[in-house]
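Only this structure's heavy atoms are used, side chains among them; waters, hydrogens and symmetry mates stay out. Order of listing sets the numbers, starting from 1, for every ligand and every atom in it.
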Amino acid sequence: MSCSPFDLRDYLFGELAETDRRQVDQHVRSCSHCHEDLERLRLTHSTLLALRDEEVPQRIGFVSDQVFEPSLMRRAWRAFWESSARLGFASAAMLSAALVIFAFFRPAAAVSVAVTDTAKIEQQVSERVTAAVEKAVAESEARQARKTAEMLQVAEQRFDEQRAADMKNVSDTIEVIQKRYNVRETLLARAMEEPK
Ligand SMILES: [Zn+2]
């Protein structure tokens, strides 16, 4: 579990007071475990938010753009975290959020319809969330691979430049030695030629 002084979810949703927030800021910077936790929460959260732009199955069509105002999404998300469904599954999160919103915006009769179709909805949501998470992860990995390739290219270029500079230094040095040697040879030759 997280060792952050305050709940990372509260932090993520801006529910903390300024001083508490700063404490978490500081902790996350020095604690790789909590840093990772926070990144994972961010990824899950942004993935869920991204889902609203995609086509939703008929059964959970109530998750309309209007319903998915940031504050409502936040409330639904928090409702999930505070509920017993807090299992760490994105599908459970989405389903729970959907049901909360459903209960909130639809008459009671409709709710029972939704609940009987829970398994179906859960499967559909799970597929969507899985696909979205996979897509997000693949995109992130592709970005990382591109970055690594770029860095490698820069490093190789630097190495080539350095090697060229080294070679230039060596050839300059050889040239200088050669010149000195030639001068000495010439002087020696002259000295030998000089009459006694
Ligand atoms: Zn920590």
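- The Zn ion (ligand 1) has an N, O or S atom of C3 inside 2.8 Å of it.
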Kindly indicate, with the supporting measurements, whether the criterion side-chain contact (heavy atoms from CB on, under 4.5 Å) is fulfilled by C31 and S4.
-> CA-CA 8 Å; C31 176; S4 164; over 6 Å; no
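- At a cut-off of 2.8 Å, H33 does not coordinate the Zn ion (ligand 1) through any N, O or S atom.
- Taking the Zn ion (ligand 1) as the apex, the angle formed with SG of C31 and SG of C34 is 110°, to the nearest 10 degrees.
- In the displayed structure, E39 atom CD is contacted under 6.0 Å by more than 12 heavy atoms of other residues, nucleotides or ligands.
- D20 and Y11 share no side-chain donor-acceptor pair at under 3.5 Å.
- Contact annotation: the side chain of C3 approaches that of H27 to within less than 4.5 Å [non-hydrogen atoms, C-beta and beyond].
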